[in-house]
Amino acid sequence: MSDIEIANGIVGAVFGIIFATLFQQPLQDGWYKLRRRSATAVRSLTYREDGTVSMWSTFSLGPLHTSALIVEGDGVHAIAPDAVRLQVGNGEVALPEDMAPWRAEIEAEQESPQAPGNRVRIWNGPRYAVEGLEVSRTPLEEHPDILLRLRPTDYFTFLAAQQLDRRFPDGTTPRSRYLDPGDPMHAPAFLQCSLGVNVAVVTADHLLVVSRRADQVRSGPGLWGASVNEGLSRHIDSAGRHAPDLHEVARRGMREELSLEPHEYTISMLALVLDVERRQWSAHFAAQLTELTADALRSRLTRGVIDRWEHQSQDYIAFRPSDVVAHLLHADRIHHWAPVAPALFHLALVHTHGRAAVERAEARAVRRLNTR
């Protein structure tokens with residue numbers, strides 16, 4: 001090799017190092033932004049132009065159709081705690097002028113000396129409304145980066161906003177006036193005054209805990225659903241001093257509803273889900289008890305630690321895809337599930353058993369139903 005070739009090689013290597021140092025990161029950033037814009041455009045075009053399969057289809061399993069839209073997460077990969085940020089904006093959510101009287105009715109009912117039917121009196125607890133959601137991906141691993149923008153609200157505002165099909169004097173409803181069925185991801189904050197967590201709990205001997213909502217609760221009375229469900233509270237989960245943490249809310253729900261402490265289980269966030277019919281947001285978790293069996297948990301709950309205002313009974317189902325799917329599709333249950341529960345249990349199964357095994361079990365169960 002001549003001296004000229006050696007010199008050219010050295011010069012080329014130096015220029016390569018300089019180029020990589022100056023331009024590698026900007027090029028990577030530019031490529032990542034281009035990919036994000038392309039993904040957003042494809043998602044939007046698929047929804048608007050495809051008349052048969054929507055990118056925003058809600059969860060269904062054969063004849064079981066729900067209003068649960070899995071916005072982020074697939075059950076296969078857990079969503080890390082540091083991948084979710086909650087940002088609280090200033091100023092309480094205000095109802096429109098023609099909905100404000102609905103809230104006043106609820107407040108007057110609770111202040112009346114007459115008992116409101118068979119329901120217990122409710123406390124107008126401070127809570128959060130969901131103002132917006134932003135989801136992106138980390139440049140290399142493509143892990144989710146989730147930002148939930150929240151606004152302060154209260155429980156009476158939530159109850160007023162849940163009257164989505166109540167008619168205004170002009171014949172319209174909040175649903176028809178403020179919501180676009182073709183764009184479920186966008187809604188005013190005053191219609192989204194609910195953010196909570198749902199946890200699928202599996203005991204050490206591999207039984208799934210399924211809880212039935214109490215008859216006196218306002219939301220989903222008598223329906224079967226998550227082992228634990230807990231709404232975010234401004235008073236408890238942030239006390240006005242810091243943004244809440246969804247993992248901590250899940251741990252609070254485990255403690256309050258099942259008397260379980262953090263050292264007794266492992267917990268993973270699996271998805272962010274929107275009930276499009278009721279405009280209620282929730283984070284879905286799976287919790288695995290490390291030593292406590294179903295019998296031990298039952299024994300603990302007989303000592304008065306369960307929150308009976310929230311739940312009235314529980315079932316324990318073998319945590320195998322075939323058993324859980326059969327339970328979801330059973331004739332006695334199929335019409336009595338809380339809207340987001342089937343999606344929660346599906347995600348928990350996928351997280352433990354893998355997508356392929358769960359999809360095989362679901363396909364077999366649906367085929368059996370179709371041949372009856």
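Cluster partners of Leu147 are absent, since no Ile, Leu, Val, Met, Phe, Trp or Tyr has side-chain heavy atoms less than 4.5 Å from it. Hydrophobic side-chain contacts under 4.5 Å tie Leu223 to no other Ile, Leu, Val, Met, Phe, Trp or Tyr residue.
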Steps toward ring pair (Phe, Tyr, Trp, His ring centres under 6.0 Å) verdict (His327, Trp337): CA-CA 11 Å; His327 194 70; Trp337 289 109; 5.7 Å; yes
Trace of the side-chain contact (heavy atoms from CB on, under 4.5 Å) decision for Met269 with Leu246: CA-CA 9 Å; Met269 181 175 168; Leu246 292 176; 4.2 Å; yes
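Within the structure, the ring pair (Phe, Tyr, Trp, His ring centres under 6.0 Å) test picks out the following pairs touching residues 350-372 (sequence neighbours left out): Phe319-His353. Residue pairs that meet the ring pair (Phe, Tyr, Trp, His ring centres under 6.0 Å) test with at least one member in residues 144-163, sequence neighbours left out, are Tyr155-Phe158. Under the salt bridge (charged side-chain N to carboxylate O under 4.0 Å, His left out) criterion, the residue pairs touching residues 329-349 are Asp315-Arg333, with sequence neighbours excluded. Listed by first and then second residue, the ring pair (Phe, Tyr, Trp, His ring centres under 6.0 Å) pairs involving residues 266-292 are His247-Phe285 (not counting sequence neighbours). Residue pairs satisfying the ring pair (Phe, Tyr, Trp, His ring centres under 6.0 Å) criterion with at least one member in residues 176-197, sequence neighbours excluded, are listed as follows: Tyr178-Phe190. Every pair passing salt bridge (charged side-chain N to carboxylate O under 4.0 Å, His left out) that includes a residue from residues 268-284 is listed here, sequence neighbours excluded: Arg175-Glu277, Asp275-Arg278. Applying the salt bridge (charged side-chain N to carboxylate O under 4.0 Å, His left out) definition to pairs two or more places apart or across chains, those involving residues 338-366 are Asp74-Arg355.
For Arg103 and Glu107, the salt-bridge test passes: some basic side-chain N is under 4.0 Å from an acidic carboxylate O.
A continuous path of ILVMFWY side-chain contacts below 4.5 Å connects Leu292 to Tyr265, so both sit in one hydrophobic cluster. In the hydrophobic cluster analysis, where Ile, Leu, Val, Met, Phe, Trp and Tyr join through side-chain heavy atoms closer than 4.5 angstrom, Ile79 is grouped together with Leu133. Clustering ILVMFWY residues whenever any of their side-chain heavy atoms sit less than 4.5 angstrom apart, transitively, puts Val130 in the very cluster that holds Met185. Val350 and Leu208 fall within a single hydrophobic cluster, where Ile, Leu, Val, Met, Phe, Trp and Tyr are joined by side-chain heavy atoms under 4.5 Å apart, directly or via other members. Taken together through direct or relayed side-chain contacts under 4.5 Å among Ile, Leu, Val, Met, Phe, Trp and Tyr, Phe59 and Leu349 form part of one hydrophobic cluster.
Considering all non-hydrogen atoms of both residues, Leu369 and Leu329 come closest at CD1-CD1, 3.7 Å. In plain terms, the two heavy atoms of Pro342 and Pro339 that are nearest each other are CD-O, 3.9 Å. Across every non-hydrogen atom of Leu69 and Ser57, the tightest pair is CD1-O, 3.4 Å. Here the closest non-hydrogen pair linking Phe345 and Gly225 is CZ-O, 3.4 Å. Across all their heavy atoms, Leu344 and Ala226 have their closest contact at CD2-CB, 3.4 Å. The two atoms that bring Val276 and Pro184 nearest to each other are CG1-CB, 4.0 Å, heavy atoms only.
Of the possible polar contacts, one joining the Ser227 side chain to the Val209 backbone as a donor-acceptor pair under 3.5 Å is found. Although no hydrogens or angles enter the test, the distance criterion places no donor-acceptor pair under 3.5 Å between the side chain of Glu131 and the main chain of Ala189. A donor-acceptor contact shorter than 3.5 Å is absent between the side chain of Arg127 and the backbone of Leu232. Remark: the backbone N or O of Thr66 is paired with a side-chain donor or acceptor of Thr58 at under 3.5 angstrom. A side-chain donor-acceptor contact under 3.5 Å links Thr290 to the backbone of Glu264.
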When the side chains of residues 84-101 are checked against the rest of the protein, which donor-acceptor pairs come out under 3.5 Å, sequence neighbours left out?
unit_1 : atom_1 : unit_2 : atom_2 : d
Glu92  : OE2    : Arg234 : NH2    : 3.1
Asp98  : OD2    : Arg177 : NH1    : 2.5

Which atom pairs, donor and acceptor, lie under 3.5 Å between side-chain atoms of residues 193-207 and protein residues at least two apart or in another chain?
unit_1 : atom_1 : unit_2 : atom_2 : d
Asn198 : ND2    : Ser282 : OG     : 3.4
Thr203 : OG1    : Asp205 : OD1    : 2.6
Thr203 : OG1    : Leu207 : N      : 3.1
Thr203 : OG1    : Leu207 : O      : 3.4
Asp205 : OD1    : Ala294 : N      : 3.0

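To the nearest 0.5 Å, atom CG of residue Leu297 and atom OG of residue Ser259 are 9.0 Å apart. Taken from CD in Glu257 to CG in Asn229, the straight-line distance is 5.5 Å, to the nearest 0.5 Å. Arg149 contributes atom CZ, which lies 15.5 Å from atom OH of Tyr128 (distance to the nearest 0.5 angstrom). Here the CG atom belonging to Asp154 is positioned 3.5 Å from the OG1 atom belonging to Thr157, to the nearest 0.5 angstrom. Within the model, atoms CG of Leu260 and CZ of Arg251 stand 13.0 Å from one another, a figure rounded to the nearest 0.5 Å. Atom CG of Asp237 sits about 7.5 Å away from atom CD of Glu230, to the nearest 0.5 Å.
Asn124 is not listed as a side-chain neighbour of Gln110, based on a closest heavy-atom distance of 4.5 Å or more. With contacts defined as side-chain heavy-atom distances shorter than 4.5 Å, the pair Leu301/Gln314 qualifies. Between Gln288 and Ser268 there is no side-chain heavy-atom pair separated by less than 4.5 Å. Looking only at side-chain heavy atoms (C-beta outward), Ser211 and Val228 stay at 4.5 Å or farther from each other.
Counting non-hydrogen atoms of other residues, nucleotides and ligands closer than 6.0 Å to CD of Glu291 gives a total of 12 or fewer.
With hydrogens and angles left out, the side-chain atoms of Asp170 and Thr172 include a donor and acceptor closer than 3.5 Å.
Taking the six-membered ring where tryptophan is involved, the planes of His235 and Trp123 are perpendicular, since the angle between them exceeds 60° and thus also 30°.
Remark: Arg213 engages Glu310 in a salt bridge (Lys or Arg N to Asp or Glu O under 4.0 Å) (not counting sequence neighbours).
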